[in-house]
Amino acid sequence: MATEIIELSWQETETRNKSTMTSFYKALATGNTQIVAGLPTSDLEWWFHGPQNCHHMMKILTGNEQVGSKFRFEPRTIEAIDDRVIAEGWEGAQAYWVHVWTLKDGFITQFREYFNTWVTVTELRPVAGHDGLKLWQSQPRDLVNRSLPGLLLAI
C-alpha cells in the first residue's frame, strides 16, 4: 500500500492548528492530562517574558503543577497565523497573558509565554495570505487602568 503525502494549504494548516490549541485549552480546563501531555514534542523550545513567579504554563507542561490547579488559563481569543497560534487571556486586574505556540504536524514544537506584557506580532518575511506588517496585537480589556510593557515579536 503506497503512502500518500498530503500537503495542507496555509488556510487548512491555520484551521487545524487553531482547532488543536482550542482542544488543548479545553483539556486544561477539564483536567485531561492525556491531551495536555500528548501535544508538546519532547524537545519543546520554551521562552518566557514576565515576572519569575508566573511560569504557570511551563509548570503544567513539565508536570511540576497539576492541570487545573492554581492558575486557570481560559483564553479570550485564539488566532492562527501560519504555523503559529496566539492565545490571549486575562484573569482579573493582575493577570494578563499571551501564549504563542508553534505547531508542526499537529504537535507543539515551540512555546512563548508573555505575562503582563503588551504584545504586537509583525511579519519580517512574507506570510501567505496576510497583507501588511502588523499581524496581531494584544487587546487587554483593562489597559486604561494600567501600563503594560510592550514587546514586538517578528515572524
Going from [atom1] on [X] to [atom2] on [Y], what distance comes out if it is rounded to the nearest 0.5 angstrom?
X	Y	atom1	atom2	answer
Ser23	Leu39	OG	CG	8.0 Å
Glu113	His49	CD	NE2	11.5 Å
Met21	Lys26	CE	NZ	13.0 Å
Trp97	Glu88	CH2	CD	8.5 Å
Cys54	Tyr114	SG	OH	15.5 Å
Tyr25	Thr20	OH	OG1	12.5 Å

Counting N and O atoms only, with roles assigned by atom type, does the side chain of [X] sit under 3.5 Å from a partner on the main chain of [Y], one being a donor and the other an acceptor?
X	Y	answer
Thr22	Lys18	yes
Thr109	Lys104	no
Glu14	Asp82	yes
Asp83	Thr102	no

(request) Please step through side-chain contact (heavy atoms from CB on, under 4.5 Å) for the pair Val98 and Val100, ending with a clear verdict. (result) CA-CA 7 Å; Val98 174; Val100 181; 4.3 Å; yes
(request) Check Leu61 against Phe111 and note the closest heavy-atom contact, atom names and distance. (result) CD1-CD2, 4.1 Å
(request) Search all heavy atoms of Ile78 against all heavy atoms of Pro75 and return the closest pair with its distance. (result) CG1-CB, 3.8 Å
(message) Less than 6.0 angstrom separating the ring centers of His56 and Phe115, yes or no?
(response) yes
(request) Could you check if a side-chain atom of Trp46 sits within less than 4.5 angstrom of a side-chain atom of Met57, using non-hydrogen atoms only? (result) no
(request) Treat each ILVMFWY residue as a node, draw an edge where side-chain heavy atoms are under 4.5 Å apart, and state whether Tyr96 and Trp47 are in one component. (result) yes
(message) Under the criterion side-chain contact (heavy atoms from CB on, under 4.5 Å), I'd like the reasoning laid out for Thr41 against Ile108: C-alpha separation, chi angles, the key distance, then a yes or no.
(response) CA-CA 6 Å; Thr41 59; Ile108 302 166; over 6 Å; no
(message) With salt bridge (charged side-chain N to carboxylate O under 4.0 Å, His left out) as the rule and sequence neighbours excluded, what pairs involving residues 39-48 come up?
(response) Glu45-Arg112
(request) Fit a plane to each ring of Phe73 and His99, take the angle between them on a 0 to 90° scale, and name the class: parallel (under 30°), tilted (30 to 60°) or perpendicular (over 60°). (result) tilted
(message) Under the criterion side-chain contact (heavy atoms from CB on, under 4.5 Å), I'd like the reasoning laid out for Leu103 against Phe107: C-alpha separation, chi angles, the key distance, then a yes or no.
(response) CA-CA 5 Å; Leu103 288 91; Phe107 292 97; over 6 Å; no
